[in-house]
Amino acid sequence: MKRIALGILAIVAVLAAVVVTRALSLDSLQPGPETPVTLQVDRSGLAARFSQALTYPTISHQDRSDVDHEAFFGLHAHFAASYPLVHEQLALEKVNDLSLLYTWAGSNPALAPVLLMGHQDVVPVIPGTEADWVHPPFAGTIENDVIWGRGALDDKSSVVTILEAVELLLAADFQPIRTVYLAFGHDEEVGGPEGAGRIAELFDERGVGPFALVLDEGGAIADGLVPGVDGKVAIVGIAEKGFISLELKVEGAGGHSSTPPAHTNIGVLAAAIQRLENNPFPVRLGGASLEMFRYLAPEMPFMPRAFLANLWLFKPVLARLLLADPPSAAMVRTTTAATIFHGGVKDNVLPINATAVVNFRILPGETTASVAARVAEIIDDERVQIRDVSTSHNPSAISTPDGPGFDLIGKTLRQVKGDDIMLAPYLVVGGTDAKYYSGKSPAVFRFLPIEIGADGMQLVHGTNERVDLDSLADAVRFMHQFIRNTNDLPE
Ligand SMILES: [Zn+2]
């Protein structure tokens, strides 16, 4: 007995020694200190131009015939009037009428180009919530250095800060070495096929690419969002999940509700959805999700650092912790969300058909095909017809944070926002237009340095979307310095 106890004690001691040694030997992956770069930004001019951009209701609707083209044309005219040097010196093409593609020719056309992205369209205001807005969603109200309106965060902030930065650089006679493309889609919120998707095709047709670097929306500066890390963390998307919506349909005889079968079509469909919810996709903690912990672990106090430095031992525990909360759970599995359910027309008539739509966000490593196959396997009921009703796409490739593109983001951030800010790669659980460049650049990153606090995430697509002018001005400084820094990218 005693010998066994001693043996166990010895094993525990060795494990503890390994855990502590690994925790102590973690090196920081954060970028080194930088000399601050200052840039004077005309804050009131920026506020006015941004506020006006928010007044055009460039809303994406599921039904494209509902899109207000005049709103987009108004926004385009506003850009032309506000950024005269951009419109004089860069070539502008309108793609499918509403998307904007600017070309800023570099001094060395032999080098791989750089692509800066954003989208002009916004999501609708949910009917019935208009009165909950403190300021109307399309008024562009400025109050106490906060600018209110739909699109303030997602994603007119990207488009305007890029245009502001390029205008400033042109005024200072800056010449990029690499050709810089600015691509502003018009249908990101409905998948982006006619905007970013078409632009990506145009590049292919013209033999443009691969790109040295692609920067799109999808990351931000999180303040107090990462447990165990004090201070601000710039979370930079290095990959994004895939997307598929499957329609489930049950068709069959209707009839009178006085003589029903044991299960109506609604019951059959409900059971299918319940099986999907009861059999979630497997948990996998790896790739882009693990990269975040690799970057943040060295910055944490000893206990969480020891935990994260020893994922060979604690990975299942970490996965379980992440699963506890829907936002973090989305990082470790393909998610299942039943979003639409239709069936029946009258209380005394059996439904002839019932349909539902289930939306899946696909973890890197799986595909739209593997998801559809697993869904059929779990439902396992031939009465339920399954078909893809979405502009589905596979998860993106993962861009490495161990390269010059990611380093450039870190360097620029420290030049503009100081050395205290931390950097962490992460997996974007939503979707962005950057998916169209998966595999077309080793460095596709999703980030805009807007500061988002604990409540900020709800503002994206939510009520009372707004942005601080300070944050917006910093984003202009970031874009300005980022474009300058692309001249230092290695060939
Ligand atoms: Zn967006």
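Numbering of residues begins at 1 and proceeds along the displayed sequence. We use all heavy atoms of the structure for the numbers below, so side chains are in, but hydrogens, waters and symmetry mates are not. One-based numbering, in listed order, for ligands and for the atoms of each.
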Exercise. Taking only residues at least two apart or on different chains, which pairs with a member in residues 461-485 satisfy ring-ring contact (aromatic ring centres under 6.0 Å, His included)?
Worked result: Phe447-Phe478, Phe478-Phe482
Problem set entry | Residues which pass salt bridge (charged side-chain N to carboxylate O under 4.0 Å, His left out) with Arg64, listed by chain and number, not counting sequence neighbours | Asp187, Glu194
Seminar exercise, completed: Within a distance under 2.8 Å of the Zn ion (ligand 1), the protein atoms of type N, O or S are His119 NE2, Asp154 OD1, Glu217 OE1, Glu217 OE2
Exercise. Which distance, rounded to the nearest 0.5 Å, do you find between the CZ of Arg284 and the OG of Ser289?
Worked result: 9.0 Å
For this session: State plainly whether the residues Arg49 and Glu167 are in salt-bridge range, i.e. N to O under 4.0 Å.
Result: no
Exercise. Charged N to carboxylate O below 4.0 Å: is that the case for Lys417 and Asp474?
Worked result: yes
Pair up each side-chain donor or acceptor in residues 137-149 with any protein partner under 3.5 Å, not counting sequence neighbours, and list the distances.
| residue | atom | partner | partner atom | Å |
| --- | --- | --- | --- | --- |
| Glu143 | OE1 | His135 | NE2 | 3.2 |
| Asp145 | OD2 | Arg43 | NH2 | 2.9 |

